[in-house]
Amino acid sequence: MNFAKFFIDRPIFATVISIITMIIGGLAYFNLPIEQYPQVAPPTIQVTATYPGANAETLAATVATPIEQEINGVEGMLYMLSQSTADGRMTLTITFELGTDMDQAQVLVQNRVAIAEPRLPESVRRLGVTTRKNSPDLMLVINLFSPDGTYDQTYIGNYAVLQIRDRIRRIDGVGDILLFGASEYAMRIWLDPDLIQSFDMTAGDVLNALRSQNVQVASGILNQTPQPKQNYFEYSIQTQ
């Protein structure tokens with residue numbers, strides 16, 4: 001049968017078929033996984049940890065190595081890259097095969113990290129080991145600056161952390177935000193090693209003293225039940 005002649009002799013039937021095809025295609029368009037560019041870069045999971053005061057060599061030996069040994073061979077992994085910096089920060093990037101379910105991959109990596117955590121230093125466990133989904137593709141780069149120089153980089157970076165970062169993270173499709181050169185407000189203390197030695201102290205002793213004084217204490221409530229002679233008001237105590 002000559003299909004071309006069949007439809008030419010029946011123009012109404014051909015028109016109806018064309019309209020139905022267009023309607024079905026239009027409805028299917030909203031359910032098809034369409035991207036402007038195909039996914040070329042493989043998905044990655046990033047594990048970060050911080051060891052205050054440690055150099056890169058110590059960090060690699062005490063933090064990076066135990067985590068790498070446990071994560072190595074996780075399902076769907078292609079390779080991993082570890083970076084230990086002199087400021088005590090370790091970043092381990094695990095690259096997975098294309099098409100890997102990132103939610104499942106994150107759970108698998110977190111399970112391996114949990115196995116390695118008892119072998120990590122106490123300060124690293126206290127600060128926590130973070131596991132996040134990470135895409136090597138940058139969607140948008142935003143530059144913040146003060147036109148008249150009123151605010152410095154620290155102020156602008158702290159403003160971005162407090163006012164901008166969380167709002168952008170709530171946008172659908174945003175995986176993570178990386179702040180370049182930004183640092184939150186903090187206190188840095190320089191210690192005189194000779195003076196500390198004369199008092200027979202270490203840097204850890206000073207750190208423990210600071211932690212013991214920098215505590216938000218739950219002071220309690222006055223006139224709370226089961227007070228035998230309870231008055232009309234309860235007073236919540238707030239201390240410095």
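Just so it is clear, the model here is predicted, and its values are computed rather than measured.
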* Run the side chain to side chain contact (heavy atoms under 4.5 Å, CB included) check on V129 and V47 step by step: do they pass? -> CA-CA 7 Å; V129 182; V47 180; 3.6 Å; yes
* Structure fact -> Sorted by chain and number, sequence neighbours left out, salt bridge (charged side-chain N to carboxylate O under 4.0 Å, His left out) with E122 holds for R125
* What residues form a salt bridge (charged side-chain N to carboxylate O under 4.0 Å, His left out) with D192, not counting sequence neighbours? -> none
Taking side-chain hydrogen bond (donor to acceptor under 3.5 Å, both in side chains) as the definition, give me every residue that meets it alongside [X], ordered by chain and number, with sequence neighbours left out.
| X | answer |
| --- | --- |
| T202 | D205 |
| S82 | E68 |
| Q69 | R119 |
| D87 | T85 |

Any heavy-atom pair between the side chains of [Y] and [X] that's under 4.5 Å?
| X | Y | answer |
| --- | --- | --- |
| R188 | W190 | yes |
| I45 | R132 | no |
| N72 | M77 | yes |

According to a hydrophobic-cluster definition based on side-chain heavy atoms being under 4.5 Å apart (Ile, Leu, Val, Met, Phe, Trp, Tyr only), do [X] and [Y] belong together?
| X | Y | value |
| --- | --- | --- |
| I164 | L140 | yes |
| L78 | V74 | no |
| I12 | I23 | no |
| Y51 | L207 | no |
| L210 | M201 | yes |

* Can you name the nearest heavy-atom pair linking T50 to P52, along with the distance? -> O-CD, 3.7 Å
* If you look at every heavy atom in P66 and A61, which pair is closest and at what distance? -> CD-O, 3.9 Å
Separation of [Y] [atom2] from [X] [atom1] (nearest 0.5 Å):
| X | Y | atom1 | atom2 | value |
| --- | --- | --- | --- | --- |
| I196 | L191 | CD1 | CG | 4.0 Å |
| I177 | L179 | CD1 | CG | 7.0 Å |
| I221 | I237 | CD1 | CD1 | 8.5 Å |
| Q197 | F199 | CD | CZ | 12.5 Å |
| M80 | Q46 | CE | CD | 14.5 Å |
| L59 | N55 | CG | CG | 8.0 Å |

[X] atom [atom1], over 12 foreign heavy atoms within 6.0 Å:
| X | atom1 | result |
| --- | --- | --- |
| Q163 | CD | yes |
| R126 | CZ | yes |
| D200 | CG | no |

I'd like to check the side chain to side chain contact (heavy atoms under 4.5 Å, CB included) partners of [X]; sequence neighbours left out, ordered by chain and number.
| X | value |
| --- | --- |
| Q83 | L81 |
| R10 | F6, F13 |
| I115 | E70 |

What donor-acceptor contacts under 3.5 angstrom involve side-chain atoms of residues 142-151, with partners at least two apart or in another chain?
{"unit_1": "S146", "atom_1": "OG", "unit_2": "D148", "atom_2": "OD1", "d": "3.2"}
{"unit_1": "S146", "atom_1": "OG", "unit_2": "G149", "atom_2": "N", "d": "3.4"}
{"unit_1": "S146", "atom_1": "OG", "unit_2": "T150", "atom_2": "N", "d": "3.1"}
{"unit_1": "S146", "atom_1": "OG", "unit_2": "Y151", "atom_2": "N", "d": "3.3"}
{"unit_1": "D148", "atom_1": "OD1", "unit_2": "T150", "atom_2": "N", "d": "3.3"}
{"unit_1": "D148", "atom_1": "OD1", "unit_2": "T150", "atom_2": "OG1", "d": "2.8"}
{"unit_1": "D148", "atom_1": "OD2", "unit_2": "T150", "atom_2": "OG1", "d": "2.8"}

* Asked: Can you tell me if T65 uses its side chain to pair, donor with acceptor, with the backbone of T62 under 3.5 Å?
  -> no
* Asked: Between the side chain of T58 and the main-chain N/O of A54, is any donor-acceptor distance below 3.5 Å?
  -> no
Pairs of donor and acceptor atoms involving the side chains of residues 100-109, under 3.5 Å and at least two apart or interchain, shall be tabulated with distances.
{"unit_1": "T100", "atom_1": "OG1", "unit_2": "E97", "atom_2": "O", "d": "2.6"}
{"unit_1": "D101", "atom_1": "OD1", "unit_2": "D103", "atom_2": "N", "d": "3.3"}
{"unit_1": "D103", "atom_1": "OD1", "unit_2": "K133", "atom_2": "NZ", "d": "2.7"}
{"unit_1": "Q106", "atom_1": "NE2", "unit_2": "T131", "atom_2": "O", "d": "3.1"}

Donor-acceptor contacts under 3.5 Å from residues 89-96 side chains, at least two apart:
none

